[in-house]
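See structure below.
Here, residue 1 is the first one in the sequence, and each next residue gets the next number. Keep in mind that the numbers below use all heavy atoms, side chains included, and drop hydrogens, waters and symmetry copies.
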Amino acid sequence: MGELSKRVLVSVVAIPLVLGAVYIGGGALGGLLGIVSALAAWELHRMAQAGGTRPLAVGIGLAAAFPLAVQAWYEGLFAVPLSVLAVIMIALVVLSIWQRGVDGRPLAAVSITVFGVLYTAGALSFAYGLRYHRWTVDAAAGTALLLLPMVLTWASDIGAYFVGRAIGRHKLIPSVSPGKTVEGALGGLAATVLVTWLYVVFILRPVAHLSLSPL
């Protein structure tokens with residue numbers, strides 16, 4: 001199966017699930033963000049291990065739980081005091097030292113673990129800030145607002161892929177990603193700008209107008 005076929009297959013399966021979870025919100029959105037956060041944290045752990053640092057496996061579980069905790073906080077179910085976060089940090093250091101000893105680079109392991117949670121789950125949890133933004137008065141408006149950065153990500157990826165395949169000649173950062181080209185990056189940027197304009201004019205504005213209009 002070619003790269004394009006894989007991308008199309010993933011999109012066909014993922015897009016309906018994402019749309020449904022975003023529109024329903026609440027636990028459905030929290031569950032989706034938890035799964036994606038766990039996968040992202042796992043990928044970051046894999047990259048860290050390739051560089052010689054072994055993060056704590058518990059970080060993947062914490063990444064999965066983080067969006068659910070944010071959801072509960074948004075719904076007013078509980079508030080986590082900073083002292084609890086401090087206890088978690090200390091517990092991670094103790095766990096790392098106990099498992100690996102002082103020669104097992106425990107501080108590096110804990111640092112990467114905490115960074116992984118914040119970088120993946122912490123960033124993804126901002127989805128709640130978009131889905132339940134104070135200016136969105138119903139599920140349709142919240143869904144349209146949250147989908148904007150997701151659509152732009154897909155547009156950039158698709159634009160960069162096709163332009164890079166068609167006319168890509170100059171390598172962008174070969175040491176990081178050998179397949180990326182300057183032409184592809186510019187194609188992704190152009191696609192993002194175009195899709196942003198189309199999305200705002202034909203989706204975001206009409207949905208926001210309908211949502212804010214009186215019954």
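Between Leu17 and Leu32, the closest side-chain pair of non-hydrogen atoms is not below 4.5 Å. Between Tyr161 and Ile158 the shortest side-chain heavy-atom distance does not fall below 4.5 Å. A heavy-atom distance below 4.5 Å is not found between the side chains of Ile173 and Lys180. Counting heavy atoms from C-beta on, the side chains of Leu29 and Gln71 never come closer than 4.5 Å. At a threshold of 4.5 Å between non-hydrogen side-chain atoms, the residues Thr181 and His170 do not count as touching.
Counting only distance, with no hydrogens or angles, the side chain of Thr53 and the backbone of Gln49 share no donor-acceptor pair below 3.5 Å. In this structure a side-chain-to-backbone donor-acceptor pair under 3.5 Å is present from Glu183 to Arg169. With Thr113 contributing its side chain and Leu56 its backbone, the two residues share a donor-acceptor pair below 3.5 Å. In this structure, Arg54 contributes its side chain and Ala109 its backbone to no donor-acceptor pair below 3.5 Å. Looking only at distances, a side-chain donor or acceptor of Arg105 sits under 3.5 Å from a matching main-chain atom of Gly52. Of the possible polar contacts, one joining the Ser96 side chain to the Pro106 backbone as a donor-acceptor pair under 3.5 Å is found. Formation of a donor-acceptor pair under 3.5 Å by the Lys171 side chain with backbone atoms of Pro178 is found in this model.
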**OP:** Check the pair Arg131 / Leu146 against side-chain contact (heavy atoms from CB on, under 4.5 Å), numbers first and verdict last.
**Re:** CA-CA 5 Å; Arg131 173 61 176 82; Leu146 176 52; 3.9 Å; yes
Original post:
Are Leu33 and Tyr128 close enough, and set up right, to give a side-chain contact (heavy atoms from CB on, under 4.5 Å), and what steps lead you there?
Top reply: CA-CA 10 Å; Leu33 293 175; Tyr128 283 100; 3.6 Å; yes
**OP:** Start with the C-alpha distance between Leu44 and Phe115, add both sets of side-chain angles, then the distance that settles side-chain contact (heavy atoms from CB on, under 4.5 Å), and finish with yes or no.
**Re:** CA-CA 10 Å; Leu44 189 144; Phe115 172 77; 4.0 Å; yes
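The cluster map of Ile, Leu, Val, Met, Phe, Trp and Tyr, joined by side-chain heavy atoms under 4.5 Å apart, puts Tyr74 and Val36 in the same cluster. By the criterion of side-chain heavy atoms lying less than 4.5 angstrom apart, applied directly or through intervening Ile, Leu, Val, Met, Phe, Trp or Tyr residues, Val18 is grouped together with Ile203 in one hydrophobic cluster. The hydrophobic cluster containing Leu19 also contains Leu130, counting ILVMFWY residues as joined when their side-chain heavy atoms lie under 4.5 angstrom apart, directly or transitively. When hydrophobic clusters are built by joining Ile, Leu, Val, Met, Phe, Trp and Tyr residues whose side-chain heavy atoms come closer than 4.5 Å, directly or via intermediates, Met150 is grouped together with Ile15. Hydrophobic clustering keeps Leu62 apart from Leu68 (ILVMFWY residues linked when any side-chain heavy atoms are closer than 4.5 Å, directly or through intermediates).
Of the candidates Ile90, Leu92, Ile97, Ile90 is the only one forming a side-chain contact (heavy atoms from CB on, under 4.5 Å) with Val94.
Taking both residues in full, the closest heavy atoms of Tyr132 and Ile24 are given as OH-O, 4.5 Å, listed atom of the first, atom of the second, then distance. Among all heavy-atom pairs drawn from Val201 and Pro206, the shortest one is O-CD, 3.3 Å. Closest heavy-atom contact between Ala48 and Pro55: CB-CG, 3.8 Å. Heavy atoms only, all atoms of each residue included: Thr120 and Ala41 are closest at CG2-N, 3.7 Å. For the pair Ser37 and Ala63, the tightest heavy-atom approach, listed with the atom from each and the gap, is CB-O, 3.3 Å.
Every residue was checked against the side chain to side chain contact (heavy atoms under 4.5 Å, CB included) condition with Thr153, not counting sequence neighbours, and none meets it.
Within 6.0 Å of OH on Tyr199 lie more than 12 heavy atoms contributed by other residues, nucleotides or ligands.
Taking Ile, Leu, Val, Met, Phe, Trp and Tyr as hydrophobic and joining them when side-chain heavy atoms fall under 4.5 Å apart, one finds Phe126 isolated, its cluster having no other members.
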